[in-house]
Amino acid sequence: MADPAFWTNRAEADLKIKELGEAQEILTRYHAIETGIGELRKKFDEAKFYEIKNKFKELELDRLFTEPYDAQAAVLSVFPGAGGDDAEDWARMLALMYENYARNRGWKIKVIDDNPRSRTVELRGGHVYGYLKKESGVHRLVRISPFNTKHSRETSFALVEVVPDLPPLEESKMQIPEKDLKVEFYRSGGPGGQNVNKVETAVRVIHLPTGITVTSQVQRAQAQNREYAMKLLKAKLFRLMEKEKVAELGNLRTKVKPEWGNQIRSYVLNPYQLVKDHRTDVETARVDDVLAGDIDRFIEAELEQG
């Protein structure tokens, strides 16, 4: 870094500094575990044992993060499927589950958009995208409907979408033609002081070739919301290009529609209690704990399965 040539390309320099910081963090965590084991050898303490065990488990899981954006922050969105109030309530429950999980891990949470049809949050912390990327998909709920006067058992679906926070260098590489965009402005319904509901600061951007829609109302200024919405749109398009194995943005021409029949996990509250992941077969009857954010068993199984 003392070499002036290192700073010729600021974006690349910042990326290398970040990589160095991540390596130093791993080394610090390793030394903390090593020190803890030394203390346990001198004097065993059960609480200390489990503390060291959990730290080692987290370090072990972190080594599974080998894809380019695993270390990045992430944006998580939850969308209700068909089903009216039941589906919208289920989407809110899922969003709260992930936010509780994030709090338990000490991640920072910022609400980007919140309305009856979706909730989007930005999550920042260690390897957020790596931990949550496989949570993308359809989640199914079976319960006695609190909105049905007959109190019948209903099935609801919600779609979870997780995209990485693209580094500035990668974001700058993706150029979206203006003709492919439809930009709409509306009044924000979230926090923001005296401007809320008085001026159209919230922004909705639609990518016409794919139908992908993003919104942002977290910023006070319209220009800032547009900038954030474009950043989120690029992340979603990037993720879709990876999924569809498309090399050029111009080749994405199919409207994107969620497929509600292919659930990755089921949450059954009635007639019995069970949460089951259909990819790893991991399950638990502790439904309340799961909905409160205790989803480590599912996250870890997905990571270990690869």
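From a predicted model like this one, the values you see are computed outputs, not experimental measurements.
- Listed for the Arg279 side chain is a donor-acceptor partner under 3.5 Å among the backbone atoms of Lys134.
- Legend: residues meeting ring-ring contact (aromatic ring centres under 6.0 Å, His included) with Tyr131, ordered by chain and number and at least two apart, are Phe65.
- In terms of heavy atoms, Glu99 sits closest to Ile109 at O-CD1, 3.4 Å.
- With contacts defined as side-chain heavy-atom distances shorter than 4.5 Å, the pair Ile144/Leu269 does not qualify.
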Name the atoms and distances for all side-chain donor-acceptor pairs under 3.5 Å in residues 290-298, with sequence neighbours left out.
none

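- Taking 4.0 Å as the cut-off between side-chain N and carboxylate O, Lys48 and Asp45 do not count as a salt-bridged pair.
- By the side chain to side chain contact (heavy atoms under 4.5 Å, CB included) test, Lys110 is found to be paired with Ile112, Glu122, Val218, Gln219, residues two or more places apart in sequence or in another chain being considered.
- Nearest heavy atom pair, residue Pro80 against residue Arg117, reads CD-O, 2.9 Å.
- Taking each heavy atom of Leu181 and Ile176 in turn, the nearest pair found is CD2-CG2, 3.7 Å.
- Residues Arg124 and Val128 have side chains not in contact (no heavy-atom distance under 4.5 Å, counting atoms from C-beta outward).
- Shown here are the side chain to side chain contact (heavy atoms under 4.5 Å, CB included) partners of Thr155, two or more places apart in sequence or in another chain: Arg140, Val142, Phe157.
- Inter-residue side-chain proximity for Met93 and Leu96 is flagged as unmet; no heavy-atom pair is nearer than 4.5 Å.
- There is no side-chain donor-acceptor pair under 3.5 Å between Glu154 and Ser156.
- Rounded to the nearest 0.5 angstrom, Asp281 CG and Gln305 CD are separated by 8.5 Å.
- Under the ring-ring contact (aromatic ring centres under 6.0 Å, His included) criterion, Tyr272 pairs with no residue at all, not counting sequence neighbours.
- Within the 4.5 Å cutoff, side-chain heavy atoms of Leu123 are placed close to those of Val121.
- Distance check: Leu274 CG to Arg286 CZ gives 13.5 Å after rounding to the nearest 0.5 Å.
- Scanning all heavy atoms of the two residues, the minimum distance from Gln175 to Pro177 falls at O-CD, 3.7 Å.
- Within 6.0 Å of atom NZ in Lys182, 12 or fewer heavy atoms from other residues, nucleotides or ligands are found, so the atom counts as exposed in its surroundings.
- Taken to the nearest 0.5 Å, the CG atom of Asn270 stands 10.5 Å off from the OG atom of Ser152.
- By the 6.0 Å contact criterion, CD on Glu46 is open, its count of non-hydrogen atoms from other residues, nucleotides or ligands being 12 or less.
- Ser266 pairs with exactly one of His278, His139, Glu283 by the side chain to side chain donor-acceptor pair (under 3.5 Å) rule, that one being His278.
- Remark: Glu304 engages Lys57 in a side chain to side chain donor-acceptor pair (under 3.5 Å) (not counting sequence neighbours).
- Within 6.0 Å of atom CD in Glu51, more than 12 heavy atoms from other residues, nucleotides or ligands are found, so the atom counts as buried in its surroundings.
- Counting only heavy atoms from C-beta outward, the side chains of Ile52 and Leu40 approach each other to under 4.5 Å.
- Not counting sequence neighbours, Arg226 has no partner by the side chain to side chain donor-acceptor pair (under 3.5 Å) test.
- Partners of Tyr69 under the ring-ring contact (aromatic ring centres under 6.0 Å, His included) rule, at least two apart in sequence or in another chain, are Phe238.
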Is there a side chain to side chain contact (heavy atoms under 4.5 Å, CB included) between Thr120 and Thr215 once you walk through the steps? CA-CA 9 Å; Thr120 299; Thr215 59; 5.5 Å; no
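- A heavy-atom distance below 4.5 Å is not found between the side chains of Val160 and Met97.
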Could you go through Glu135 and Ile299, starting from their C-alpha distance and side-chain angles, then the distance that decides it, and tell me whether this counts as side chain to side chain contact (heavy atoms under 4.5 Å, CB included)? CA-CA 8 Å; Glu135 290 297 291; Ile299 300 287; 3.6 Å; yes
Should Thr210 and His207 be marked as a side chain to side chain donor-acceptor pair (under 3.5 Å) after you check the CA-CA gap, both sets of side-chain angles, and the distance that decides it? CA-CA 6 Å; Thr210 62; His207 184 246; 2.8 Å; yes
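- A side-chain donor-acceptor contact under 3.5 Å links Lys234 to the backbone of Met174.
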Taking it one step at a time, do Arg119 and Val111 satisfy side chain to side chain contact (heavy atoms under 4.5 Å, CB included)? CA-CA 8 Å; Arg119 182 171 173 87; Val111 178; 3.2 Å; yes
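- The line from CG of Leu94 to CG of Leu141 is 8.0 Å long, rounded to the nearest 0.5 Å.
- Considering only heavy atoms from C-beta on, Gln24 comes within 4.5 Å of Leu20 through its side chain.
- In terms of heavy-atom proximity, Val203 sits nearest to Gln222 at CG2-O, 3.6 Å.
- No side-chain heavy atom of Val282 sits under 4.5 Å from any side-chain heavy atom of Lys276.
- Here the shortest heavy-atom pairing between Ile264 and Ser136 reads CD1-O, 3.6 Å.
- Val183 and Tyr228 fall within a single hydrophobic cluster, where Ile, Leu, Val, Met, Phe, Trp and Tyr side chains are chained together by heavy-atom contacts under 4.5 Å.
- Other residues, nucleotides and ligands contribute over 12 non-hydrogen atoms within 6.0 Å of the CZ atom of Arg103.
- Remark: the backbone N or O of Val138 is not paired with any side-chain donor or acceptor of Gln263 at under 3.5 angstrom.
- Within the model, atoms CG of Leu232 and CD of Glu227 stand 13.0 Å from one another, a figure rounded to the nearest 0.5 Å.
- Atom-to-atom distance recorded for Ile206:CD1 and Thr213:OG1 is 4.5 Å, nearest 0.5 angstrom.
- Applying the ring-ring contact (aromatic ring centres under 6.0 Å, His included) rule to pairs touching residues 86-107 yields Trp90-Tyr267, Tyr101-Trp107, sequence neighbours excluded.
- Sorted by first and then second residue, the pairs that involve residues 201-211 and meet salt bridge (charged side-chain N to carboxylate O under 4.0 Å, His left out), not counting sequence neighbours, are Glu184-Arg204.
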Does Ser216 form a side chain to side chain donor-acceptor pair (under 3.5 Å) with Asn225? I'd like the steps, not just the answer. CA-CA 5 Å; Ser216 176; Asn225 276 321; 2.9 Å; yes
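- Grouping the Ile, Leu, Val, Met, Phe, Trp and Tyr side chains by contacts below 4.5 angstrom, directly or via other members, places Leu27 apart from Ile33.
- With sequence neighbours excluded, the residues satisfying side chain to side chain contact (heavy atoms under 4.5 Å, CB included) with Lys133 are Glu67, Asp70, Tyr129.
- For Phe185, there are no ring-ring contact (aromatic ring centres under 6.0 Å, His included) partners two or more places apart in sequence or in a different chain.
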Chi angles and distances behind the side chain to side chain donor-acceptor pair (under 3.5 Å) call for Gln217, Asp113: CA-CA 6 Å; Gln217 57 175 307; Asp113 188 46; 2.6 Å; yes
